[in-house]
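Data first, discussion second: the structure below is written as structure tokens.
Numbering of residues begins at 1 and proceeds along the displayed sequence.
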Amino acid sequence: QVHLVESGGGSVQVGGSLRLSCAASGYTFSSGCMGWFRQHPGKEREGVASIYTDVGYKYYAESGKGRFTISQDTSENMVYLEMNSLKPADTAMYYCAACPAGGVGVQDILWAPKFVYWGQGTQVTVSS
């Protein structure tokens with residue numbers, strides 16, 4: 001059974017940084033993908049960054065390019081999201097997610113409905 005637990009959220013000032021962590025248990029890193037998604041109140045969940053866990057290919061939404069970095073530690077079954085130069089628009093609940101075994105197509109790598117395992121979320125609040 002796959003279990004994802006996020007941590008590292010919090011409140012920061014504009015321009016600050018946060019590092020989100022996702023501990024994954026029961027997931028096979030050798031053949032899948034993991035991603036970070038966020039959800040603003042009243043809006044759909046949107047992709048932020050994803051990684052193919054077998055080869056390490058990374059993908060970013062335009063909103064985070066140049067500011068966010070996704071990484072993984074396959075020995076520890078961890079996925080991270082380093083967020084820099086944070087803006088008030090980054091305020092959201094952030095979720096770690098994993099796609100089905102075997103992965104998804106690159107066209108779906110940032111599309112929430114294709115991810116089947118989800119953590120409980122961690123809140124990020126950026127204030128000016």
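For Q72 (side chain) and V79 (main-chain N/O), no donor-acceptor pair under 3.5 Å exists by modelled atom type. Judged by distance alone, with hydrogens and angles left aside, the side-chain atoms of Q123 form no donor-acceptor pair with the main-chain N or O of Y94 at under 3.5 Å. Checking side-chain atoms of H40 against main-chain N and O of E46 turns up no donor-acceptor pair under 3.5 Å. The backbone N or O of V126 sits less than 3.5 Å from a side-chain atom of T91, completing a donor-acceptor pair. S17 contributes no side-chain N or O that, together with a main-chain N or O of N84, makes up a donor-acceptor pair within less than 3.5 Å.
Side-chain contact between V5 and Q120 is present, with heavy atoms from C-beta onward closer than 4.5 Å. Looking only at side-chain heavy atoms (C-beta outward), W36 and Y80 stay at 4.5 Å or farther from each other. With contacts defined as side-chain heavy-atom distances shorter than 4.5 Å, the pair E82/F68 does not qualify. When side chains are defined from C-beta on, C99 does not count as touching Y52, because their heavy atoms never get closer than 4.5 Å. Taking 4.5 Å as the limit, some side-chain heavy atom of V124 sits within range of a side-chain heavy atom of L18. Proximity of T122 to L20: side-chain heavy atoms (C-beta onward) are separated by under 4.5 Å at one or more points. Taking 4.5 Å as the limit, every side-chain heavy atom of S50 sits out of range of all side-chain heavy atoms of C33. The closest side-chain heavy-atom distance from F115 to P100 is not below 4.5 Å.
Of all the heavy atoms in A98 and L4, the pair that sits closest is N-CD1, 3.8 Å. Considering every non-hydrogen atom in both G26 and V2, the closest pair reads O-CG2, 3.4 Å.
In this structure, M78 CE and D73 CG are separated by 8.0 Å, a value rounded to the nearest 0.5 Å. Atom CD of residue Q1 and atom OH of residue Y27 lie 15.0 Å apart, to the nearest 0.5 angstrom. Taken to the nearest 0.5 Å, the CE atom of M34 stands 9.5 Å off from the CD1 atom of I51. One distance of note links OG of S7 with CZ of R19; it measures 9.5 Å at 0.5 Å rounding. Within the model, atoms CD1 of I109 and OH of Y60 stand 12.0 Å from one another, a figure rounded to the nearest 0.5 Å.
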- Item | Derivation of the ring pair (Phe, Tyr, Trp, His ring centres under 6.0 Å) call for F37 and W118 | CA-CA 10 Å; F37 296 79; W118 292 86; 5.1 Å; yes
- Message: Run E6 and S21 through side-chain contact (heavy atoms from CB on, under 4.5 Å) and show every step you take.
- Response: CA-CA 6 Å; E6 304 97 334; S21 300; over 6 Å; no
- Item | Candidate pair L81 and V48, rule side-chain contact (heavy atoms from CB on, under 4.5 Å), full reasoning | CA-CA 9 Å; L81 184 68; V48 175; 4.1 Å; yes
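With sequence neighbours excluded, the residues that form a side chain to side chain donor-acceptor pair (under 3.5 Å) with R67 are D90.
Around atom CD of Q107, more than 12 heavy atoms belonging to other residues, nucleotides or ligands sit under 6.0 Å away.
Both M83 and I70 are part of a single hydrophobic cluster, where members link through side-chain heavy atoms under 4.5 Å apart. Cluster membership for F29 and V104, using ILVMFWY side-chain heavy atoms within less than 4.5 angstrom, is not shared.
Both tests do not hold together for R38 against Y95: distance to the six-membered ring centre under 6.0 Å, angle to the ring axis within 45°.
Inspection of the D54 and S31 side chains reveals no N or O donor paired with an N or O acceptor under 3.5 Å.
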